[in-house]
Amino acid sequence: LTFTPPPPTPDQRPGIGEILFRDDFSDPTVWSLAASNNASAAFGNHELTIAISSPKMYLFSLRAEPLLDDFYAEITASPTLCRGLDEYGLLLRVSTAADYYRFSLSCDGQVRMDRLVGGQASSPQPWMPGALVPVGAPSNSRLAIWAVGKEMRFFVNDQYQFTVRDPLLTRGTIGVFARSAGDSAVTVSFSELIVYTVIK
């Protein structure tokens with residue numbers, strides 16, 4: 001018997017080039033921050049923390065620049081309070097507060113991608129079990145997105161999750177978010193954002 005090794009898996013992240021920018025979350029002026037009795041988005045020690053205390057509440061923070069079209073981005077997300085379908089993640093190609101894509105991880109280990117256009121939400125990729133997505137909190141995950149043209153590929157902890165092809169939103173900025181699905185508090189910190197060029 002001869003052993004034939006399986007063919008190598010295709011590179012899901014081709015053409016990653018130089019670092020476009022690195023954000024260590026030391027400059028709060030480039031992010032939209034918020035504070036109320038119900039929720040806050042605030043800077044800590046080289047991290048941005050979204051804390052939600054009210055039921056079924058959604059809060060995001062947007063980076064003012066740069067506008068990105070094709071890129072590869074990575075960020076660390078660290079929930080300290082979350083459960084069930086509470087969710088957190090990364091916004092991309094944000095052109096307004098009502099137009100963007102949203103890459104979500106749930107606290108029960110699922111992933112999905114939503115599209116908001118004119119404030120109307122749809123789910124090109126509905127909830128599905130995630131590969132290497134941690135359940136519960138506290139935990140740490142490295143989220144990554146490879147976006148070229150209408151094709152977007154999503155990763156968690158270096159594991160490919162899914163691909164979405166959608167031509168509606170082609171460029172914009174980056175953001176982060178958290179959402180409480182029920183009555184319990186949600187707290188998620190984000191750190192170590194790195195964005196690379198993609199060479200086509």
For this session: Determine, step by step, whether T173 and E65 satisfy the side-chain contact (heavy atoms from CB on, under 4.5 Å) criterion, reporting the C-alpha distance in whole Å, the side-chain angles of both residues, the deciding distance to 0.1 Å, and the verdict.
Result: CA-CA 6 Å; T173 57; E65 51 163 4; 5.5 Å; no
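- Nearest heavy atom pair, residue P55 against residue D183, reads CB-OD1, 3.5 Å.
- Residues that satisfy the side chain to side chain donor-acceptor pair (under 3.5 Å) test with E87, not counting sequence neighbours, are S104, R112, R179.
- Side-chain contact between L91 and R102: present, with at least one pair of heavy atoms (C-beta onward) separated by less than 4.5 Å.
- Between I16 atom CD1 and E74 atom CD the span is 7.0 Å, to the nearest 0.5 Å.
- Atom CG in L105 sits 10.0 Å away from atom CG in L90 (nearest 0.5 Å).
- Here I194 contributes atom CD1 and T76 contributes atom OG1; the two are 8.0 Å apart, rounded to the nearest 0.5 Å.
- Heavy atoms of other residues, nucleotides or ligands lying less than 6.0 angstrom from CG of D27 number more than 12.
- Clustering ILVMFWY residues whenever any of their side-chain heavy atoms sit less than 4.5 angstrom apart, transitively, puts I145 in a cluster other than the one holding W127.
- Note on V176: it clusters hydrophobically with L193, by side-chain heavy-atom contacts below 4.5 Å among ILVMFWY residues.
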For this session: Apply the test side-chain contact (heavy atoms from CB on, under 4.5 Å) to residues I75 and L143: give CA-CA distance (whole Å), side-chain angles for both, the deciding distance (0.1 Å), then the verdict.
Result: CA-CA 5 Å; I75 194 169; L143 281 55; 4.1 Å; yes
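- In the displayed structure, R142 atom CZ is contacted under 6.0 Å by more than 12 heavy atoms of other residues, nucleotides or ligands.
- Y160 pairs by the ring pair (Phe, Tyr, Trp, His ring centres under 6.0 Å) definition with F155, not counting sequence neighbours.
- Just one residue in the list F60, F103, Y58, Y88 forms a ring pair (Phe, Tyr, Trp, His ring centres under 6.0 Å) with F177, and that residue is Y58.
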Problem set entry | Test side chain to side chain donor-acceptor pair (under 3.5 Å) applied to S180 and D86, step by step | CA-CA 5 Å; S180 58; D86 294 340; 5.5 Å; no
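- Closest approach of E47 and S191 over heavy atoms only: CB-CB, 4.2 Å.
- Stacking of R153 on the aromatic ring of W146 is recorded, both the 6.0 Å distance cut-off and the 45° axial limit being met.
- Using a 4.5 Å heavy-atom threshold, the side chains of P134 and N157 count as touching.
- Under a hydrophobic clustering in which Ile, Leu, Val, Met, Phe, Trp and Tyr are joined whenever their side-chain heavy atoms come within less than 4.5 Å, directly or via other members, I174 and Y100 fall into different clusters.
- Closest approach of P28 and S26 over heavy atoms only: CD-O, 3.5 Å.
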For this session: Evaluate side chain to side chain donor-acceptor pair (under 3.5 Å) for N38 paired with S53, printing each intermediate quantity in order.
Result: CA-CA 5 Å; N38 302 316; S53 57; 5.1 Å; no
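- Q161 places a side-chain N or O within 3.5 Å of a backbone atom of Q159 that can act as its donor or acceptor partner.
- We find the CZ-CZ distance between F190 and F43 to be 12.0 Å, quoted to the nearest 0.5 Å.
- In this structure the side chain of L68 never reaches within 4.5 angstrom of the side chain of R93, judged on heavy atoms.
- The distance from the CD atom of Q125 to the OG1 atom of T163 is 9.5 Å, given to the nearest 0.5 Å.
- Listed for the T197 side chain is a donor-acceptor partner under 3.5 Å among the backbone atoms of E18.
- No continuous path of hydrophobic side-chain contacts links V195 to I199 [ILVMFWY only; heavy atoms under 4.5 Å].
- Across every non-hydrogen atom of P124 and V164, the tightest pair is CB-CG1, 3.8 Å.
- At distances below 3.5 Å, not a single donor-acceptor pair connects side-chain atoms of R165 with backbone N or O atoms of E151.
- Annotation for L81 and A137: closest pair N-CB, 4.0 Å, computed over non-hydrogen atoms.
- L20 places none of its side-chain heavy atoms less than 4.5 Å from the side chain of Y196.
- The CG atom of D23 lies 11.0 Å from the NE2 atom of H46; values are rounded to the nearest 0.5 Å.
- Using a distance-only test at 3.5 Å, with no hydrogens or angles considered, a donor-acceptor pair links the side chain of D99 to the main chain of G118.
- The cluster map of Ile, Leu, Val, Met, Phe, Trp and Tyr, joined by side-chain heavy atoms under 4.5 Å apart, puts V198 and I19 in the same cluster.
- Side-chain atoms of W31 and L48, non-hydrogen and from C-beta on, do get closer than 4.5 Å to each other.
- V94 approaches G175 most closely through the heavy-atom pair CG2-N, 4.5 Å.
- Between the side chain of Y101 and the backbone N or O of L169 there is at least one donor-acceptor pair closer than 3.5 Å.
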